[in-house]
Amino acid sequence: MRRKLIAGNWKMNMDYKSSDKLAKELIAELDKNMFKKTDVVVCPSYVSLGIVNKTIKDSEIRLGAQNLFYENDGAFTGEISASMLKAVGCEYVIIGHSERRISIHDTNETINKKLKKALEFELKPILCVGESLVEREDDIFEGVIEEQLMECLKDIPEDEFKNIVIAYEPVWAIGTGLNASPKQASDIHAFIRKVILGLYSAVSSEELQILYGGSVNEKNSKEMISAAGIDGALVGGASLKVNDFVSIIKTASETK
């Protein structure tokens, strides 16, 4: 049975001290029993990775980053390398988040390079895929997601793919007040497994963790995480609120 995974994307929020405070509060509120079937990852900003790693090092919480660059080093002002993330204690890294695809113009090609670099340094990528509202309304969303998967996973062998997590982000449901229904999310998760089956094997398709990432909060988390084929959530704003994030984690730990 696949483990649940709850990942908190803190985005461009929380300074150094507030990140440390939030991490300490999470540790204090999380019961060890919650980790029996559920993994928990927090992804603070780059400047807070060090202090958060120090705070959570003796806990069950894992550290992730929000992005990386696909070169080892060099004249790439403002970027961060996989080796830097490993050195500061990261185990996970979010790649291809919709906000970066839209605002920073990350492409499937650059995301593919980033995935390869993350895997080279034994970081576990959380690959984000998803469609816009126009693509959903035009009924081309499956084609869009398939293209993202095909291009982002190009030339990644199956023995490395097993370390990748996929997060389905319906872009139209992020910060808009709209929400995908559990059935809509479940159907897309099944479609993603079908694409992975074609790219790799039945084993890879079945073992793949797929998260839902469309404005998950403490109110909708139970019905989303309980839906067929959904293995957890990539949580944005709710991960900044201790009680809300703990509630989501608790829900995941109690979901069969």
Side-chain angles (χ1 to χ4, degrees), residues 5 7 9-12 41-47 49 53 62-132 135 141-171 174 188 191-193 195-201 204-205 207-211 213 234 236:
L5 172 62
N9 178 14
W10 294 1
K11 305 188 180 185
M12 198 177 74
V41 181
V42 293
C43 303
S45 68
Y46 297 142
V47 297
L49 287 171
N53 181 56
R62 297 294 173 253
L63 185 67
Q66 298 176 21
N67 182 50
L68 56 67
F69 195 57
Y70 51 77
E71 296 289 354
N72 290 338
D73 49 47
F76 304 105
T77 302
E79 296 293 347
I80 194 163
S81 70
S83 62
M84 292 174 183
L85 298 182
K86 284 291 289 187
V88 80
C90 287
E91 295 183 39
Y92 288 81
V93 57
I94 300 170
I95 297 179
H97 192 282
S98 60
E99 291 165 353
R100 290 195 57 86
R101 288 179 184 263
I102 295 168
S103 302
I104 316 297
H105 306 297
D106 277 359
T107 66
N108 291 336
E109 181 181 3
T110 58
I111 291 166
N112 176 250
K113 292 179 180 180
K114 290 179 181 184
L115 285 172
K116 291 174 179 175
K117 186 57 62 176
L119 293 167
E120 179 184 337
F121 282 82
E122 298 183 341
L123 289 164
K124 297 179 181 179
I126 299 176
L127 168 62
C128 300
V129 299
E131 79 280 8
S132 68
E135 291 162 343
F141 55 93
E142 286 190 348
V144 169
I145 292 170
E146 182 172 15
E147 181 179 18
Q148 290 173 346
L149 290 169
M150 298 285 285
E151 294 183 2
C152 291
L153 296 172
K154 183 180 179 181
D155 298 326
I156 293 178
E158 186 164 14
D159 64 336
E160 294 185 6
F161 173 77
K162 66 183 180 181
N163 294 310
I164 293 177
V165 176
I166 292 177
Y168 166 56
E169 294 185 294
V171 181
I174 300 176
I188 288 296
F191 175 74
I192 290 172
R193 291 193 194 282
V195 175
I196 297 306
L197 175 62
L199 284 174
Y200 295 106
S201 69
S204 289
S205 176
E207 294 183 350
L208 171 66
Q209 283 181 313
I210 308 179
L211 314 181
L234 177 59

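All heavy atoms count here, side chains included; hydrogens, waters and symmetry mates do not.
Pairing each heavy atom of Ala118 with each of Ile95, the nearest pair is CB-CD1, 4.0 Å. Across all non-hydrogen atoms, the minimal contact from Leu49 to Leu63 is O-CD2, 3.7 Å. Nearest heavy atom pair, residue Ile145 against residue Glu131, reads CD1-OE1, 3.6 Å. When all heavy atoms of Pro44 and Gly64 are compared, the closest pair comes out as CD-O, 3.5 Å. Here the shortest heavy-atom pairing between Tyr200 and Ile156 reads OH-O, 2.7 Å. Between Leu149 and Val129 the shortest heavy-atom distance is CD2-CG1, 4.0 Å.
Using modelled atom types, no side-chain atom of Glu160 and backbone atom of Pro157 make a donor-acceptor pair closer than 3.5 Å. Judged purely by atom type and a 3.5 angstrom limit, Asp106 has no side-chain atom pairing as donor or acceptor with the backbone of Arg100. For Ser205 (side chain) and Arg193 (main-chain N/O), a donor-acceptor pair under 3.5 Å exists by modelled atom type. A donor-acceptor pair under 3.5 Å links the side-chain atoms of Gln66 to the main chain of Cys43, judged by distance alone. In this structure a side-chain-to-backbone donor-acceptor pair under 3.5 Å is present from Gln148 to Gly130. Remark: the backbone N or O of Lys154 is paired with a side-chain donor or acceptor of Asn112 at under 3.5 angstrom.
Taken to the nearest 0.5 Å, the CD1 atom of Ile192 stands 11.0 Å off from the CD atom of Glu146. Of the inter-residue distances, the one linking Ile102 atom CD1 with Ser132 atom OG reads 8.0 Å to the nearest 0.5 angstrom. Of the inter-residue distances, the one linking Asn72 atom CG with Ser81 atom OG reads 7.0 Å to the nearest 0.5 angstrom. Summarising the geometry, atom NZ belonging to Lys11 is positioned 3.5 Å from atom CD belonging to Glu99; distances are rounded to the nearest 0.5 Å. The CG atom of Asn163 lies 11.5 Å from the CG atom of Leu115; values are rounded to the nearest 0.5 Å. The distance from atom CG of Leu153 to atom CD1 of Ile166, rounded to the nearest 0.5 Å, is 6.0 Å.
Counting heavy-atom neighbours within 6.0 Å of Asp159 CG, excluding the residue itself, gives a total above 12.
In this view, Glu91 and Arg62 satisfy the side chain to side chain contact (heavy atoms under 4.5 Å, CB included) rule, not counting sequence neighbours.
With 3.5 Å as the limit, one finds a donor-acceptor pair spanning the side chains of Glu169 and His97. Defined by atom type and a distance below 3.5 Å, a donor-acceptor pair is present between the side-chain atoms of Asn67 and Lys114.
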Are Ile111 and Arg101 close enough, and set up right, to give a side-chain contact (heavy atoms from CB on, under 4.5 Å), and what steps lead you there?
CA-CA 9 Å; Ile111 291 166; Arg101 288 179 184 263; 3.4 Å; yes
Apply side-chain contact (heavy atoms from CB on, under 4.5 Å) to the pair Ile188 and Phe141, showing each step before the final yes or no.
CA-CA 9 Å; Ile188 288 296; Phe141 55 93; 3.6 Å; yes
side-chain contact (heavy atoms from CB on, under 4.5 Å) assessment of Ser83 paired with Phe121
CA-CA 7 Å; Ser83 62; Phe121 282 82; 3.6 Å; yes
Evaluation steps, side-chain contact (heavy atoms from CB on, under 4.5 Å), between Phe161 and Leu208
CA-CA 9 Å; Phe161 173 77; Leu208 171 66; 3.9 Å; yes
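Ion pairing between Lys117 and Glu120 holds under the 4.0 Å rule for side-chain N and carboxylate O.
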